[in-house]
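Heads up, the thing below is written out as structure tokens.
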Amino acid sequence: MAISQEDLRTVMDRGVAEIIDRNEFRKLLDRDKPLRLKMGFDPSSPDIHLGHTVGLRKLRQLQELGHKVMLIVGDWTAQIGDPSGVSATRPVLTHEQVQENAQTYMTQFFKVVDRDRTEVFWQSEWFGKFDLADVVRLTGPFTVAQMLAREDFRRRWDANRPIAITELLYPLLQAYDSVVVESDVEFGGTDQKFNLLMGRELQEMRGQRPQQCFMVPILVGTDGVQKMSKSLGNYIGVDDAPEEQYGKALSLPDDLIIPYFNLLSDLPTAEIDDMSSAMEGGANPMEFKKRLAREIVATFWSEEDAAAAQAHFEQTVQRGEAPDEAPTLWFARSDGVSGAVAVSSEQGGAKTLVSLSTVEFLYHHHAELGLSQSRTAAKRLVSQGAVEVDGQPAGDTLSLRDGSVVRVGKRRYLRLLEDRS
RNA sequence: GGAGGGAUGGCGGAGCGGCCAAUCGCACCAGACUGUAAAUCUGGCGCCCGGAAGGGCUUCGUAGGUUCGAAUCCUACUCCCUCCA
């Protein structure tokens with residue numbers, strides 16, 4: 001398959017941590033047959049964030065060169081829990097949860113990867129009929145020492161911390177997947193190295209050409225320090241709303257702008273380099289960051305959504321105005337009382353609504369405002385000066401009109417409108 | 001089979017009879033500052049009453065008990081972990 005020099009560089013160098021074996025992989029790209037690209041996931045926590053998309057984008061690039069993705073739903077390995085990284089005991093998932101998580105995952109997965117060039121497998125297709133003889137045959141050739149070669153096993157072993165036998169099984173199951181789908185290349189983060197190499201080994205034992213291992217770098221999270229992860233809260237989710245993604249992207253430390261462009265956008269490398277030197281020359285990073293944020297939103301949503309998210313950001317954060325689409329609290333004049341809002345007087349055509357008190361208002365409308373249902377919490381907000389009405393700090397009692405906007409903290413708004421219908 | 005350690009707020013982790021609604025870190029919320037929802041600083045962070053001072057109620061695996069008083073002591077139970085074999 002003919003591949004341009006530029007594509008080749010993009011595929012093999014941009015956003016790549018390590019390829020084993022690099023030369024082999026290079027040769028495979030020149031073959032006529034589409035490559036079988038393997039990518040597995042455990043349906044244990046279904047949300048995909050930007051950190052995952054670094055690898056997914058690679059898959060996409062290769063799909064566009066004509067190759068095919070084998071997506072493996074790890075419904076068996078999910079039972080075990082990947083010991084890579086943190087070794088917390090995971091709750092065993094029910095069949096329904098697994099199904100559900102897998103669906104969520106795939107919906108997000110296919111925001112980046114081309115569904116038409118993807119084949120989906122479930123581990124249960126083969127492990128469902130595995131018997132003890134198969135297990136013995138699978139585990140037989142491996143030794144404990146081999147397993148202890150892996151860093152996290154080794155560490156726990158040395159520290160006398162428990163290692164479950166099923167955990168040792170994990171890499172083997174993953175390796176077996178490679179045999180079943182006859183994977184040519186398996187993708188994963190650098191933390192997957194051991195598991196990926198296991199696949200190579202097992203394939204060779206079973207008379208297959210060993211897969212290449214393609215490792216992508218771990219993405220640094222929005223805090224600029226630790227790797228992006230949901231549990232650390234420094235992530236941008238694929239499924240986050242456009243404004244959410246945009247806002248989170250803008251909160252990135254400036255020195256992450258360039259790496260993010262490299263790993264998460266299709267902008268030509270030359271253009272990225274230009275930005276880099278422009279910033280070194282004193283250009284305001286804000287503009288580039290906005291561009292980055294737009295790129296990100298557009299990847300997962302659309303250009304229009306990206307533009308809207310930017311407008312939203314500029315309006316609410318930079319200018320501190322209420323968003324157009326603030327939740328609305330409708331009140332009926334005839335009610336007299338709607339929730340905690342009471343119509344108290346009408347002067348010169350403009351009705352004035354007066355709440356019982358600011359605290360009561362927040363308490364009664366906690367749902368619309370996204371607050372917790374607690375008077376104490378509402379009181380705290382009031383005493384902290386977090387409440388304002390139409391741009392003016394609110395006192396102990398609110399004075400509201402048709403069209404008033406109540407703002408709580410930086411990001412919560414509630415618009416009051418009379419229901420004239 | 002034997003010996004030992006442990007279960008505390010969303011998480012991690014102090015406390016080991018009154019000064020504990022419970023140190024501290026993370027997360028979270030608010031304020032200030034900022035190009036930024038970052039960083040930093042300040043404050044807050046069980047529920048309820050009160051303008052406030054303050055008061056009340058429910059929490060430290062579960063169930064009982066000792067005590068004027070228990071997250072802290074005792075008993076039983078449940079679960080987790082480590083070491084020896």
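Note: hydrogens, waters and symmetry copies are ignored here, and every other heavy atom, side chains too, is used. Since we're looking at a predicted model, the values are computed, not measured. Numbers restart at 1 for each chain; the letters A, B, ... are given by sequence-line order, proteins then strands.
Residues A:N195 and A:E186 bring no donor and acceptor atom of their side chains to less than 3.5 Å of each other. Neither side chain, A:T190 nor A:E18, offers a donor N or O lying under 3.5 Å from an acceptor on the other.
Taking 3.5 Å as the limit, the base of B:U36 and the side chain of A:K290 contain no donor-acceptor pair of atoms between them. In terms of polar N and O atoms assigned as donor or acceptor, the side chain of A:Q384 comes within less than 3.5 Å of the base of B:G43 in a complementary pairing.
The distance between atom OH of A:Y235 and atom P of B:C28, rounded to the nearest whole Å, is 10 Å. Rounded to a whole Å, the NZ atom of A:K379 is 11 Å from the P atom of B:C47. Going from atom CD of A:E287 over to atom P of B:U36 covers 12 Å, rounded to whole Å. Here B:G35 presents its C1' atom at 9 Å from CG of A:D254, a figure rounded to the nearest Å. Rounded to whole angstrom, the span from the CZ atom of A:R319 across to the P atom of B:U36 amounts to 12 Å. Atom-to-atom, CD1 of A:I257 to C1' of B:U36 comes out at 10 Å; the value is rounded to the nearest Å. The interatomic distance linking A:L369 (CG) with B:C29 (C1') rounds to 14 Å, in whole Å. Rounded to a whole Å, the CD atom of A:E360 is 10 Å from the P atom of B:C48.
Rounded to a whole angstrom, the distance from the P atom of B:C83 to that of B:U72 is 29 Å. With P as the reference atom, B:C26 and B:A39 are 11 Å apart, rounded to whole Å. Distance noted for atom P between B:U82 and B:A22: 35 Å (whole Å). For the P atoms, the distance linking B:G51 with B:U40 amounts to 38 Å, nearest Å. Comparing B:U58 with B:A21, their C1' atoms sit 10 Å apart, to the nearest whole Å. Only the P atoms considered, B:A14 is 14 Å distant from B:U23, to the nearest whole Å. For the C1' atoms, the distance linking B:G12 with B:G6 amounts to 15 Å, nearest Å. For the C1' atom pair drawn from B:A85 and B:G17, the interatomic distance equals 40 Å after rounding to whole Å.
Taking the ring axis of A:Y235 as reference, the NZ or CZ atom of A:K248 stays within 45° of it and closer than 6.0 Å to the ring centre.
Of the candidate nucleotides B:C48, B:G35, B:G31, B:G35 has the atom nearest to the side chain of A:M286. For A:T376, the side-chain atoms get nearest to B:C47 when compared with the rest of B:C47, B:U36, B:G44. Here the nucleotide nearest the side chain of A:V317, chosen from B:U36, B:G44, B:A30, is B:U36. You'll find that the side chain of A:K289 is closest to B:U36, out of B:C29, B:G50, B:U36. Distance from the side chain of A:R412 is smallest to B:C29 among B:C29, B:U36, B:C47. Relative to the side chain of A:K410, the nucleotides B:C33, B:U36, B:G50 differ in distance, and B:C33 lies closest.
For B:A21, there is no paired nucleotide, since no Watson-Crick or G-U wobble pair has both relevant distances below 3.5 Å. The pairing partner recorded for B:A3 is B:U82, the criterion being a Watson-Crick or G-U wobble arrangement whose two distances lie under 3.5 angstrom. Across all strands shown, B:A76 pairs with B:U62; the Watson-Crick or G-U wobble distances both stay below 3.5 Å. Figure legend. B:A30 is base-paired to B:U42; pairs are counted as Watson-Crick or G-U wobble with both atom distances under 3.5 Å. The partner of B:G15 is B:U8, judged by Watson-Crick or G-U wobble contacts that both fall below 3.5 Å.
Here A:S374 reaches the OP1 or OP2 of B:C47: one of its side-chain N or O atoms lies under 4.0 Å away. A sub-4.0 Å separation between OP1 or OP2 of B:C47 and a side-chain N or O of A:R375 is absent.
Both A:D223 and A:N284 lie near RNA chain B, and the one whose nearest nucleotide falls closer to the 5' end is A:N284. Comparing A:T222 and A:P285 along RNA chain B, the residue whose closest nucleotide (by nearest heavy atom) sits nearer the 5' end is A:P285.
Looking at heavy-atom distances under 4.0 Å, A:L250 makes contact with a base. At the heavy-atom level, A:Q245 lies nowhere under 4.0 Å from the strands shown. In this structure, A:Y246 reaches neither bases nor backbone, as no heavy-atom distance under 4.0 Å exists between it and the strands shown.
When atom types are taken as modelled, the side chain of A:Q203 and the backbone of A:Q211 share a donor-acceptor pair closer than 3.5 angstrom.
Ion pairing between A:D131 and A:R137 fails under the 4.0 Å rule for side-chain N and carboxylate O. A salt bridge links A:D266 with A:R57: at least one charged nitrogen is closer than 4.0 Å to a carboxylate oxygen. Taking the charged nitrogens against the carboxylate oxygens, A:E204 and A:R200 have no contact shorter than 4.0 Å, which rules out a salt bridge.
Checked against the 6.0 Å centroid threshold, A:Y176 and A:F130 count as a close aromatic pair.
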